[in-house]
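Read the numbers this way: they start at 1 and go in the same order the structure lists the ligands and their atoms.
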Amino acid sequence: MRSNLYKLFIVIVCCFSSGNLFAQKFEELAQTPPMGWNSWNIFQTHINEQMLRDMVDAYVSSGMRDAGYTYFVLDDGWMAMQRDSNGSLVADPKKFPSGMKAFADYVHSKGLKFGIYNCAGTQTCAGYPGTHGYEYQDARLYASWGVDYLKYDWCNTDSINARDAYLTMSRAIRAAGRPMIFSLCEWGNHAPWLWAKNVGQLWRTTADIHAGFDKDQNYGTWSSYSVMHILDLQDHIRQYAGPGHWNDPDMLEVGNGMTYAEDKAHFSLWCMLAAPLISGNDLRKMSPQTTSILINKEVIAVDQDPLGIECFKYYSFDGMEIFVKALKDNSLAVCFLNRSSRQQNINFDWKEHMITDTLSKLNIDFNKNTYTLRDLWAKKNIGTTNKPLKQTIGSHEVLMLKLSKVN
Ligand code: GLA
């Protein structure tokens, strides 16, 4: 009896110490939402080593790295069409003549981290070899290349169970021994926010984004979503995100064709959502406006706030919406969004509003406490909550404020 109990004790200790029983993923990797760049939104599969090296250089010279962006992620299209005779994935030798290890070394040499893409199905969405059945082998290969981040897609998965597939890959990464952020990309089809907290660090919540403010793009059998459509799908899942496990409303489209106002609104709202900030534009050709959006440190700080609490919609009327996000030190971010096609004047008397939120335990009465107001895009202080806020907000524009409590 005693020796059986002893054996049970050893089994439990082993399971816990290998981390395999409950928490598969590497902890502590994404205490704030991951920040980086990904090749898909602007290049799809049209990537190659030289242009990516130039992109890495631009990542650094543009100030992105200094603003907090860390990961450089290759999306679909980096592989050869076939595995080799050992069943290993191979980088496309035409696109990557120096091989993937050399490219990863280049990324690391610039003080960045390296990410790569594959898919839980038999093939990736663009038809390259998928990982199904090769999970441990692929994870070992990525670890040997120095991969720090894996985005794992969901095409060609007809008979595959999503939870099992993502859990298997999470365990494979763990077994390969190199800490990697694991980014689940099954488009929210199986409500990953309910089960993926211990599986990966982020999970996509919707179908793909495109660079449109409020109109989806229809491709016949599927649609990509506008920024506003994706925003509207986030409200009911905010309670599932937090340090180490994030809702991912997809990568950024800043600099990919929307207007300056729309790009600012998109970026502001993703920061209000505590979303991963994965830029998806051509870093070699950024306009000064695009750069100024992506590296606005005060707006990024709202995204990266250590509390990790997503915003909620406080108010919505006639195309005007107000989002509120609790920040550390009893501060708040408040974002006024004008979704309408006309300019709107706001006259917002703080003292007429009580802001309460169970999730972030906010209970604010502006008659009892005063807050200073800082406009995070104009980068200036604009008074306090003691006076009504009067501003004009253009169509598709935001006014993003940080409120700091006056003691
Ligand atoms: C899916 C993903 C995209 C991208 C492509 C690559 O559509 O959602 O983000 O990775 O596949 O083929």
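Listed by atom number, the atoms of ligand 1 under 4.0 Å from W187 heavy atoms are 2 (C), 8 (O). Per-residue contacts place R204 under 4.0 angstrom from the following atoms of ligand 1 (heavy atoms of the residue considered): 8 (O), 9 (O). Below 4.0 Å from some heavy atom of C125 lie the following atoms of ligand 1, by number and element: 1 (C), 11 (O), 12 (O).
Between F103 and F114, the ring planes lie perpendicular to each other; the angle is over 60°, past the 30° to 60° tilted range. Ring geometry for Y142 against W145 counts as tilted: the plane angle lies between 30° and 60°, on a 0 to 90° scale.
For T45, no heavy-atom contact with ligand 1 is shorter than 4.0 Å. When non-hydrogen atoms are compared, ligand 1 lies under 4.0 Å from the side chain of C185 (C-beta onward) but not from its backbone. Of all the heavy atoms of K151, the ones lying under 4.0 Å from any atom of ligand 1 belong exclusively to the side chain.
The protein heavy atom nearest to atom 1 (C) of ligand 1 is D153 OD2, 3.0 Å. Scanning the protein for heavy atoms near atom 3 (C) of ligand 1, the closest one is D208 OD2, 3.5 Å. Among all protein heavy atoms, the one lying closest to atom 12 (O) of ligand 1 is D76 OD2, 2.8 Å. Protein heavy atom in closest approach to atom 4 (C) of ligand 1: D75 OD1, 3.4 Å.
Under a 3.5 Å cut-off, the side chain of T385 and the backbone N or O of Y371 do form a donor-acceptor pair. In this structure a side-chain-to-backbone donor-acceptor pair under 3.5 Å is present from W246 to A30.
More than 12 heavy atoms of other residues, nucleotides or ligands sit less than 6.0 Å from atom NZ of K264.
Between C125 and C119, a gap of 2.5 Å or greater is found separating the two SG atoms.
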Enumerate donor-acceptor pairs with a distance under 3.5 Å from any side-chain N or O in residues 327-338 to protein atoms, sequence neighbours excluded.
unit_1	atom_1	unit_2	atom_2	d
S331	OG	K328	O	3.4
N338	OD1	S340	N	3.0
N338	OD1	S340	OG	2.7
N338	OD1	Q344	NE2	3.4
N338	ND2	R342	O	2.8
N338	ND2	I393	O	3.0
N338	ND2	G394	O	3.1

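Residue W203 is tested with H245, E186, H190 for a side chain to side chain contact (heavy atoms under 4.5 Å, CB included); the sole match is H245.
Looking at W40 next to ligand 1, no N or O pair under 3.5 Å apart turns up.
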